[in-house]
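A quick note: this is a predicted structure, and the numbers were derived from the prediction, not measured.
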Amino acid sequence: MVEDQLEVSSDEELSQGDKFEEWKRRAEAIVELREAQEDMMNEESRRWEDWLVDGNNHVSDSSWSQDWDSGVGNSREDVQADPSEMIPEKGFIESVRDLVIGEEDDDMLYEDRVFRFASLNSAKFLAVLIIIPWALDFLVHDYVLMPFLDRYVKTVPLAAQIFDVRRNQKLEMVKELKMDKARYRLEVEIGKSPSLSDEEVWWELRHKALELRDEWRLENRRAFANIWSDMVFGISLFILLYFNQTKVALLKFTGYKLLNNISDTGKALLIILITDIFLGYHSESGWQTLLEIIVEHYGLQVDQSTITIFICLVPVIIDACVKLWLFKFLPRLSPKVANIFREMKRH
């Protein structure tokens with residue numbers, strides 16, 4: 001009881017990061033001790049089995065050896081019984097309640113307590129990493145940069161010229177105006193709208209062109225604001241990661257444990273799924289769509305030939321690096337996963 005009280009008081013004095021490091025070292029020591037005990041028990045049981053087998057070969061006709069064999073068999077069955085049956089199982093509702101409330105049971109393994117502590121704190125930190133940078137990005141973009149750019153364009157002619165409609169946007173405007181002109185003629189032909197004179201059609205198209213011009217200018221200002229707001233997003237994310245090294249360590253520890261809990265077949269399936277999505281033969285359309293979204297988001301003027309060259313080079317280089325890692329470094333990290341890939345390559 002005195003040792004428990006001293007341990008509780010020392011845990012209260014330590015900070016959260018020091019407490020986690022202490023728990024982690026203690027859990028690793030417990031796991032190593034348990035593995036050493038299991039190795040010693042296995043070695044001792046093998047010695048007993050060898051002795052029993054030799055004894056049964058020489059004195060199998062004696063009655064006391066039969067009683068001894070039956071007793072050893074019963075004890076061996078008791079030893080080989082599932083130890084989880086000795087521990088009472090909890091219901092699903094109780095497990096969820098303990099996970100949400102944070103109550104710890106005395107029969108829970110120490111490393112499981114460490115993993116639950118790390119997973120809960122990692123989930124909270126991951127939520128912070130998502131919410132805070134996104135909120136700053138939204139506030140800077142919509143409530144700082146956009147009102148400033150709207151006033152700046154009205155007062156500075158050079159800024160209005162910079163954010164004016166560009167050449168490719170003018171071509172898009174011409175296509176849309178041609179579509180509207182054809183739509184007016186079609187509505188007149190089918191009797192949906194009254195006949196319009198050339199001057200009236202001209203005025204309609206002029207109003208439409210002015211609306212499109214204002215929309216494209218606003219889109220250019222939004223694209224310029226996206227550059228700075230995304231920079232704020234990246235800087236805030238870097239600051240959170242830099243000044244929370246303990247939380248980053250918790251996040252890495254949780255990810256490492258989750259990855260180790262996946263079976264070898266699951267790891268192979270995950271690698272195949274990711275590589276086929278980003279580096280498969282059908283991923284060219286996905287890369288092109290992704291690049292077009294990025295270019296449109298930042299308002300960049302990039303030719304289609306540049307995008308094609310990028311798609312022809314970058315995914316191929318990444319594919320070569322991934323294959324080198326799979327066939328040279330993966331067998332050292334996980335031989336079973338490498339064997340699965342060899343079997344797939346063979347078939």
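- Side chain to side chain, Asp230 and His297 meet the donor-acceptor criterion of an N or O pair below 3.5 Å.
- In terms of modelled atom types and a separation under 3.5 Å, the side chain of Asn220 and the main chain of Asp164 share a donor-acceptor contact.
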Report task. For salt bridge (Lys or Arg N to Asp or Glu O under 4.0 Å), just list the numbers for Arg183 and Glu187, CA-CA rounded to whole Å, side-chain angles, deciding distance to a tenth of an Å, and then say yes or no. Result -> CA-CA 6 Å; Arg183 182 175 60 83; Glu187 290 179 354; 3.1 Å; yes

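- Looking at Asp319 and Lys323, a side-chain N of the basic residue comes within less than 4.0 Å of a carboxylate O on the acidic one, giving a salt bridge.
- Two residues are said to be in side-chain contact when any heavy atoms from C-beta on lie closer than 4.5 Å; Ile311 and Val316 fail this criterion.
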Requested in this report: Just do the side chain to side chain contact (heavy atoms under 4.5 Å, CB included) check on Phe125 and Val248 with the steps written out, would you?
Outcome: CA-CA 8 Å; Phe125 183 60; Val248 174; 4.1 Å; yes

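- Looking at Trp216 and Glu172, their side chains come closer than 4.5 Å, going by heavy atoms from C-beta outward.
- The CG atom of Asn121 lies 12.5 Å from the CG atom of Leu126; values are rounded to the nearest 0.5 Å.
- The number of heavy atoms from other shown groups lying within 6.0 Å of OH (Tyr152) does not exceed 12.
- With a 6.0 Å radius and a threshold of 12 heavy atoms from other residues, nucleotides or ligands, Gln245 has its CD atom above the threshold.
- Under a hydrophobic-cluster definition in which Ile, Leu, Val, Met, Phe, Trp and Tyr are linked whenever side-chain heavy atoms come within less than 4.5 Å, directly or via other members, Met146 and Phe148 are assigned to different clusters.
- Counting heavy atoms of neighbouring residues, nucleotides and ligands inside a 6.0 Å radius, atom CG of Asp198 does not exceed 12 of them.
- For Phe233, there are no ring pair (Phe, Tyr, Trp, His ring centres under 6.0 Å) partners, not counting sequence neighbours.
- Counting heavy atoms from C-beta outward, Arg221 and Leu218 have side chains that approach closer than 4.5 Å.
- Under a cut-off of 6.0 angstrom, the local environment of CD in Gln304 is crowded, with over 12 non-hydrogen atoms contributed by other residues, nucleotides or ligands.
- Around CH2 of Trp228, the count of heavy atoms belonging to other residues, nucleotides or ligands within 6.0 Å does not exceed 12.
- With hydrogens and angles disregarded, no donor-acceptor distance shorter than 3.5 Å links the side chain of Ser229 to the backbone of Val140.
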